[in-house]
Asks: 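Structure provided below as structure tokens; questions to follow.
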Amino acid sequence: MNHEIYGGIYNQRIFGESFEEPTPGITFDDFSIYDGNWTTSHGELHATKAAGSKFIYNPIELKNGVVEAEIKFDDTSGDNAGLITRVSKEAKGADAFNGYEISLAANGKKVVIGKHENNFSHIRDIEVDCNPAEWNRLKVVMNDGRMEIFLNDKSLFVHNENNPILATGRIGLRSWNSNVKFRNVRMKAENMDKILKFNITPQPEVSFHWTPIQTGNVKAVFIHDNKDAYNSTWSQMISKNGGSGKVGVANMGLNGWGIAVKEGQKFEGRLYLKGSYKGVVKVALQSVDGNKEYAIQELKGVTDKWQKFPFEFISNVTDTNARLAVYIENNGKVWIDQVVLMGTGDDLFHNLPLRNDIAKTMVNQGLTFLRYGGTMVNAPDYKFKNMIGDRDKRPQYRGHWYPYSTNGFGIEEFLQLCEAAGFEPCFAVNVGESAQDMADMIEYLNGPVTSEWGKKRADAGHPKPYNVKYIEIGNEEVIWGDIRKDYEKYIQDFNRIYDAIKSKDPNIEFVSAAWWRPDSQENMKMVFDALNGKAAYWDYHPWADDNILGSQVEGELKQMKDYFQKWDPNTKMKCALFEENGVTHDMRRALGHVTIQNAARRMGDFLLTTCAANALEPYLQNDNGWNQGQIFFTPSQVWGMPPFYAKQMASNHHKPFRVFSATHGELDVTAATDEKKEEVVVHVSNIHDYVITADICLKGFDSPSKIKVITLSGDLKDKNTPEQPERIVPQEKVLYYTKDLKYEFPANSYTILVYQR
């Protein structure tokens, strides 16, 4: 979750704060690297596991011609790797580019074909059978809108598409969570036949998200040091050994996208220093090239022991692409670790270390329930006790999505966000947590200040218990296959954590994360029987990327409810729909959410809640492959996507009691009212690409004086951008009541009609 947190909801502006990322070591002549670790030896290019790393050849754009490469996987535990063609607008982030992707699966069983327009659209999977541990040649022949795919000289598939965005561009290589090698990367076109060479230039030894500062004729040394770091394993050493100029390092925030500063804006920060150095260490806000300084502070008194050095800035300019620099101008050595830069005042949400504009946007969306979990919790070192205490000493760990994850924002910060925003929180825990640690966790979160762990919470600044109500044990457990012994293992893990938490707080309601497989009744019944009476809810994650999926989800929810009641007519277990998943954030996705919301209303109180994933996404910086954020952000901007507004509309007009409704035709309709029956709210989804005119008959309600109508509509691929953040937003109008109302529901639309007495 680092990419949704750092630079996002967590106000920390520095990414790579504790220098745990390795050094680039080298740069490749003529190539640009976007994420991942790429090295070369003996003419081969090696890439280690990373989410969507890219290796782009810069000198030549290729519209028509042939691109090929030989590929060999080091193991079959990864996903895929291969070629990308007609690449443009590439940046750091898994899906941050335009282009086609042609990849071989790490198990040698399929070739994956897709396209990217700052997202991922799946084109086709082609079944193959090759040995991934041997060299396999992947080839693409491009001729205007025609693209033919070959594996080992066998034609697999022809794709035809005239897309001006993907008409031309550079070529490159891509690895998705795979340890893979490439060789004989070749491009051919008219009057050109070129095998690419991986020539390298050594680079200063500086941690990946930092850049070296070396000016004038200074003699500088940079060492990425793994001895005696202040936090975790690594720190950064800078040394000036003569000459004139500056030696230091600079950071530009999340994946180098820039730190946004405004004139008069106050920042507070801190960093930890040690060394053999008698001069001052300067820390400054600078322009991206370092030629202008917007604020500067001198730090004195560096010794051979780690010390904390606080600093403050007030920027004298506005710049959306600034950087933080730490440097020295006298001879000597300085070690740097754990660098923090935070906004202050109005930049903070309720004076918490949270970005105010993003948190307020979440509140304005009308959220009432927020889940913190997902695959991030499945990382072995995702542990609660590493997320509490001094944020500057919380250890780095290998995260699922990002291998150098940090704990500056954890479960406690999530609960503080929910407390300040008025959200009902639920979080997931790793199934590998020990019983003792889970007992201590719930005592820390919910226990009185007189308890051992409740006192630790109070000492950390929060005397009042958090009053956590919902905890999920695990996430998508056994999603990898219908394996009985793995379901049995999950039952054991669930019971261990359940017993530990219940012994401290009997009021907690638990959510089962066992992957729901309705076609595996034997295993589902085994889990149900074991957890019935313990788990209040069973988590269910449907696909939500299409505007027609509501009826499918409704059928699966009815089936789940029927199974529960068949297995135990007196059961109290219900469903928590914690992830509506997909890979888009456009109008189609908004309608997918709307139809699932209508299904949820028809299911009544069998559902605890419906959560559309994901809440947040950094624009062009996403690292988890799920390009499905509702709130997008950059360093200086926050805006909602169409699904954001669909959820906002529903929340702003939520009523707790469903009204019987019947529909004739193609519209998807539900209706609800309040306790006093003063309003009736009708939710209507038109998932078709044409206008539908319908008669609306409302019975048993005194004649309304007026009808408020709110509509969200647009082409299915429409979405909002930084340049047009309100391209797709709800439109509101008022109708005056007539007995026989006819209404035209726009194509691809979600409409709410509010009948008021």
Side-chain angles (χ1 to χ4, degrees), residues 1-2 5 20 49 51 77-78 177 232-233 371-389 393-415 425-446 453 456 468 470-505 508-517 523 526-527 530-531 534-539 541 576 578-579 624:
M1 289 294 288
N2 273 37
I5 299 303
E20 298 306 309
K49 284 186 178 181
S77 65
N177 290 327
S232 297
T233 305
R371 175 195 182 234
Y372 188 55
T375 311
M376 56 181 276
V377 312
N378 299 113
D381 289 328
Y382 185 88
K383 303 294 185 184
F384 174 77
K385 286 186 176 178
N386 290 337
M387 304 177 196
I388 57 176
K393 290 294 286 183
R394 296 181 190 177
Q396 175 266 330
Y397 68 101
R398 182 171 183 82
H400 178 87
W401 299 113
Y402 184 66
Y404 307 98
S405 293
T406 48
N407 283 306
F409 184 101
I411 288 171
E412 186 168 20
E413 284 73 25
F414 164 73
L415 294 174
C426 175
F427 63 86
V429 296
N430 187 295
V431 295
E433 290 269 27
S434 71
Q436 186 62 58
D437 283 352
M438 291 291 90
D440 294 343
M441 177 191 75
I442 202 62
E443 184 175 283
Y444 181 94
L445 297 176
N446 285 4
W453 284 88
K456 293 179 185 291
V468 171
Y470 302 103
I471 294 177
E472 183 172 17
I473 300 177
N475 171 74
E476 295 186 348
E477 302 299 324
V478 205
I479 190 176
W480 48 88
D482 186 21
I483 306 169
R484 188 173 184 84
K485 65 179 180 61
D486 289 352
Y487 278 113
E488 291 171 344
K489 174 66 165 54
Y490 175 69
I491 291 170
Q492 294 171 6
D493 290 331
F494 184 100
N495 283 329
R496 182 186 72 253
I497 294 173
Y498 172 89
D499 290 342
I501 292 178
K502 275 289 186 181
S503 70
K504 294 285 187 176
D505 188 340
I508 297 296
E509 294 189 17
F510 291 87
V511 183
S512 163
W515 187 250
W516 175 250
R517 285 189 170 86
N523 282 339
M526 176 187 69
V527 176
L531 304 187
K534 296 181 177 180
Y537 304 95
W538 193 317
D539 192 2
H541 294 182
F578 274 169
E579 288 186 31
N624 61 24

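Everything numeric in this text was worked out from a predicted model, so none of it was measured.
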Asks: So, for Gly474 and Ala428, which heavy atoms are closest and what is the spacing to 0.1 Å?
Replies: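 Scanning both residues completely, I find the closest heavy atoms to be O-CB, 3.6 Å.
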
Asks: Given 3.5 Å as the limit, does a donor-acceptor pair link the side chain of Asp486 with the main chain of Val478, or not?
Replies: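 No; zero donor-acceptor contacts below 3.5 Å.
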
Asks: Looking at side-chain heavy atoms only, is the closest gap between Ser77 and Lys49 below 4.5 Å?
Replies: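 Side-chain contact under 4.5 Å: yes.
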
Asks: Is any side-chain heavy atom of Arg496 closer than 4.5 Å to a side-chain heavy atom of Met438?
Replies: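 They are not in side-chain contact.
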
Asks: Inspect the contact between Asp440 and Lys385 and indicate whether a charged nitrogen and a carboxylate oxygen are less than 4.0 angstrom apart.
Replies: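 Between Asp440 and Lys385 there is a salt bridge, with a charged N closer than 4.0 Å to a carboxylate O.
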
Asks: Check Ile411 against Met387 and note the closest heavy-atom contact, atom names and distance.
Replies: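 Residues Ile411 and Met387, closest heavy atoms: N-SD, 3.5 Å.
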
Asks: What I'd like to find out is whether the side chain of Glu579 reaches to under 4.5 Å of the side chain of Asn475, using heavy atoms alone.
Replies: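 Counting from C-beta outward, Glu579 and Asn475 do come under 4.5 Å.
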
Asks: How far does CD1 of Ile479 sit from CZ of Arg517, to the nearest 0.5 angstrom?
Replies: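 One finds 7.5 Å between CD1 of Ile479 and CZ of Arg517.
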
Asks: Within this structure, what is the CD-NE2 distance for the pair Glu476 and His541, rounded to the nearest 0.5 Å?
Replies: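 It is 5.0 Å, given to the nearest 0.5 Å.
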
Asks: In terms of side-chain geometry, is the basic nitrogen of Glu477 or Lys489 positioned less than 4.0 Å from the acidic oxygen of its partner?
Replies: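 No, this pair does not count.
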
Asks: Quick one: are Asn378 and Val431 in side-chain contact, heavy atoms under 4.5 Å?
Replies: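 A side-chain contact under 4.5 Å is absent here.
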
Asks: Is it true that Arg394 and Glu413 make a salt bridge, defined as a side-chain N closer than 4.0 Å to a carboxylate O?
Replies: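 A salt bridge is present here (some side-chain N lies under 4.0 Å from a carboxylate O).
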
Asks: For the pair Tyr382 (side chain) and Thr375 (backbone), establish whether a donor and an acceptor sit closer than 3.5 Å, ignoring hydrogens and angles.
Replies: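 Not at all, since once roles are kept as given, no pair shorter than 3.5 Å links the two residues.
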
Asks: Please name the pair of heavy atoms, one in Lys383 and one in Glu433, separated by the smallest distance, quoted to 0.1 Å.
Replies: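 The pair with the smallest heavy-atom distance is CA-OE2, 3.3 Å.
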
Asks: Using 0.5 Å steps for rounding, measure from the OG atom of Ser405 to the CD atom of Gln396.
Replies: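 Result: 7.5 Å between the selected atoms.
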
Asks: Look at the rings of Phe494 and Tyr498 and say which category their plane angle falls in: under 30° parallel, 30 to 60° tilted, over 60° perpendicular.
Replies: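 Parallel: the ring planes of Phe494 and Tyr498 meet at under 30°.
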
Asks: Could you label the plane-to-plane angle of the Phe384 and Tyr444 rings as parallel, tilted or perpendicular, counting under 30° as parallel and over 60° as perpendicular?
Replies: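 Rings of Phe384 and Tyr444: perpendicular, as their planes differ by over 60°.
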
Asks: Taking the side chain as C-beta and beyond, is there a heavy-atom pair between Met441 and Trp453 under 4.5 Å?
Replies: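 Side-chain contact under 4.5 Å: no.
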
Asks: Would you check if the side chain of Asn430 reaches a backbone N or O of Asp381 as a donor-acceptor pair within less than 3.5 Å?
Replies: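 Such a contact is absent between Asn430 side chain and Asp381 backbone.
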
Asks: Can you measure from CG (Asp482) to CG (Asn523) and round to the nearest 0.5 angstrom?
Replies: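 If we round to the nearest 0.5 Å, Asp482:CG and Asn523:CG are 4.5 Å apart.
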
Asks: Nearest 0.5 angstrom please: Tyr537 OH to Cys426 SG, how far?
Replies: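 Result: 10.0 Å between the selected atoms.
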
Asks: Side chains of Lys534 and Phe510: does their closest heavy-atom pair fall under 4.5 Å?
Replies: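 When only atoms from C-beta onward are counted, Phe510 and Lys534 do not touch, as no gap falls below 4.5 Å.
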
Asks: Any non-hydrogen side-chain atom of Tyr487 less than 4.5 Å from a side-chain atom of Trp515?
Replies: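 Touching, per the 4.5 Å side-chain cut-off.
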
Asks: Taking it one step at a time, do Asn446 and Asp505 satisfy side-chain hydrogen bond (donor to acceptor under 3.5 Å, both in side chains)?
Replies: CA-CA 8 Å; Asn446 285 4; Asp505 188 340; 2.9 Å; yes

Asks: Please step through side-chain contact (heavy atoms from CB on, under 4.5 Å) for the pair Asp493 and Ile473, ending with a clear verdict.
Replies: CA-CA 8 Å; Asp493 290 331; Ile473 300 177; 5.5 Å; no

Asks: Any side-chain to backbone donor/acceptor pair from Asn407 onto Pro395? Under 3.5 Å, distance only.
Replies: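 Yes.
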
Asks: CG/Asn386 to OG1/Thr406 distance, rounded to the nearest 0.5 angstrom?
Replies: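 Going from CG on Asn386 over to OG1 on Thr406, the span is 12.0 Å.
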
Asks: If you take all heavy atoms of Tyr490 and Val511, which pair is closest and at what distance?
Replies: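 Scanning both residues completely, I find the closest heavy atoms to be OH-O, 4.3 Å.
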
Asks: Can you tell me which residue among Phe427, Phe414, Tyr470 is in a ring-ring contact (aromatic ring centres under 6.0 Å, His included) with Tyr372?
Replies: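 Passing option: Phe414.
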
Asks: Under a 3.5 Å distance rule, please check whether Ser512 uses its side chain to pair with a backbone N or O of Ala535 as donor and acceptor.
Replies: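 No, the answer is negative, given that no donor and acceptor are paired below the 3.5 Å cut-off.
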
Asks: Indicate yes or no: at least one non-hydrogen side-chain atom of Ile491 is less than 4.5 angstrom from one of Val527.
Replies: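 Yes, at least one pair of side-chain atoms sits under 4.5 Å.
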
